[in-house]
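Right, I'll just put the structure down here and ask away after.
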Protein chains: 2
Amino acid sequence: MSTNWFSDNSGTMDNLNLIFSALSHETRRGILERLTLGESRLSDLAKPYDMSQTAVSKHVRILSDAGLVTVERRGRTRHCRLNAEPMKQATDWLIDYQAFWLNQFDSLARHLTNKED
Amino acid sequence: MSTNWFSDNSGTMDNLNLIFSALSHETRRGILERLTLGESRLSDLAKPYDMSQTAVSKHVRILSDAGLVTVERRGRTRHCRLNAEPMKQATDWLIDYQAFWLNQFDSLARHLTNKED
DNA sequence: AATTTAAAAAACCAATTGGTTCACTATTGG
DNA sequence: CCAATAGTGAACCAATTGGTTTTTTAAATT
């Protein structure tokens with residue numbers, strides 16, 4: 001697919017892999033949702049979950065690797081906050097994709113209903 | 001996160017896991033992009049890729065499990081086509097999420113610029 | 001009927017994921 | 001200084017992923 005109309009060969013594909021992969025786990029989506037309410041310490045982030053803080057820390061790391069969360073060290077605590085800009089890459093892919101698909105669907109619908117082609 | 005404003009407890013989370021996970025691999029996004037051009041046999045789908053047809057078949061299976069592709073058996077060939085409706089779930093999550101985030105950002109911006117709060 | 005073709009199934013493998021526990025490093029507070 | 005707190009790092013584990021090759025099934029072709 002290297003010569004497809006969608007490709008850009010600018011390294012954003014790798015980002016998309018990381019971003020979609022990060023979004024594919026419920027815990028991580030939960031963390032992101034939580035962070036829309038405002039910045040949070042790691043330990044606070046971990047509280048609602050029935051898993052070790054170490055596990056949550058790993059999830060945060062994955063979000064951070066995907067660029068979706070930034071972690072600022074402040075004393076002995078880590079403060080996480082959203083960085084939604086990279087998320088836009090994912091949204092854009094989906095929107096573009098849907099545009100193409102809807103277009104195709106419209107063509108099909110036009111064809112089936114014989115309205116204007 | 002079971003009592004979060006985002007949750008719906010209606011099983012769509014599992015779908016989101018499958019959908020985002022399916023989207024997190026370049027080959028699978030490539031297949032979807034290819035399918036926006038129209039339906040395709042599995043063997044044709046596999047041609048551009050430097051991997052076995054079995055591997056591509058597995059990718060298609062993952063897309064199919066996520067509901068993004070439907071496979072119709074026609075004689076000895078399998079014909080794949082898009083089913084973009086489930087994709088809307090992913091788009092909706094991202095859009096909703098961005099809305100919340102942008103909202104938060106606006107609040108922050110207002111606060112920082114001291115314009116109206 | 002025999003051969004080729006399309007695709008899945010099965011068995012296998014290395015690498016990754018998602019979790020654990022335990023040890024360690026800082027940092028804060030008494 | 002000492003104890004408690006916040007967090008990471010390392011080692012470990014079972015399950016999953018992404019690929020392979022080989023086998024099998026079923027349909028099309030000759």
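Labels below follow one simple rule: chain letters A, B, ... track the order of the sequence lines, proteins then strands, and each chain is numbered from 1.
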Measure the CD-CG distance between B/Glu26 and A/Asn17 for me, rounded to the nearest 0.5 Å.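 Reported to 0.5 Å precision, the distance equals 5.5 Å.
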
Got a minute to check which stems DNA chain D is part of, using Watson-Crick or G-U wobble pairs under 3.5 Å, three or more consecutive?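 Stem list for DNA chain D: C:1-30 with D:1-30.
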
Shortest non-hydrogen contact from A/Cys80 to A/Leu35?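 Answer, listing the atom of A/Cys80 first, then A/Leu35: O-CD2, 3.6 Å.
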
What pair of heavy atoms forms the shortest contact from B/Gly67 to B/Pro86, and how long is it?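 So the minimum-distance heavy-atom pair works out to O-CG, 3.1 Å.
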
About how many Å separate OG1 of A/Thr91 and CD1 of A/Ile19, when rounded to the nearest 0.5 Å?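 Reported to 0.5 Å precision, the distance equals 8.5 Å.
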
Could you state the CZ-P distance from A/Phe20 to D/dT17, rounded to the nearest angstrom?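 One finds 18 Å between P of D/dT17 and CZ of A/Phe20, rounded.
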
Between atom CG in B/Leu18 and atom P in D/dT17, what is the gap in whole Å?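 From B/Leu18 CG to D/dT17 P: 9 Å.
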
In the 5'-to-3' direction, what one-character label does each nucleotide of nucleotides 19-30 of chain D receive under the scheme B = base within less than 4.0 Å of a protein heavy atom, S = sugar-phosphate only, - = no such atom? BBB----SBS--

For the residue pair B/Leu16 and A/Leu23, establish whether any side-chain heavy-atom pair is separated by less than 4.5 Å.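 Result no, sub-4.5 Å side-chain heavy-atom pair not found.
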
To check you understand the geometry: which heavy-atom pair defines the closest contact between B/Thr77 and B/Arg41, and what is its length?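 Result for this residue pair: CG2-NH1, 3.5 Å.
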
Any idea how A/Trp93 and A/Phe20 line up, ring-wise: parallel (<30°), tilted (30 to 60°), or perpendicular (>60°)?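 Judged by the thresholds at 30° and 60°, the geometry between A/Trp93 and A/Phe20 is perpendicular.
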
Examine B/Tyr49 and B/Ile62 and state if one hydrophobic cluster contains both, with Ile, Leu, Val, Met, Phe, Trp and Tyr joined whenever side-chain heavy atoms are less than 4.5 Å apart.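 Not linked; separate clusters.
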
Gap between atoms CG and P, on A/Leu23 and C/dT17 respectively (whole Å):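 The answer, rounded to whole Å, is 15 Å.
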
Between A/Arg34 and A/Glu39, is there a donor-acceptor pair closer than 3.5 Å when you use the side chain of the first and the backbone of the second?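 No.
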
Using the closest heavy atom to pick a nucleotide of DNA chain C for each, name whichever of A/Ile62 or B/Leu42 lands nearer the 5' end.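 The residue mapped nearer the 5' terminus is B/Leu42.
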
For B/Ile31 and D/dG18, give me the distance from atom CD1 to atom P, rounded to whole Å.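 Value for this atom pair: 12 Å.
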
I need the CG-C1' distance between B/Asn17 and D/dT17, as an integer number of Å.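 That distance rounds to 15 Å.
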
Rounded off to whole Å, could you give me the CG-to-P distance for the B/Asp44 and C/dT5 pair?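 Answer to the nearest Å: 15 Å.
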
side-chain N/O B/Ser57 vs C/dA8 OP1/OP2, d < 4.0 Å: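 Yes, because at least one side-chain N or O of B/Ser57 sits under 4.0 Å from OP1 or OP2 of C/dA8.
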
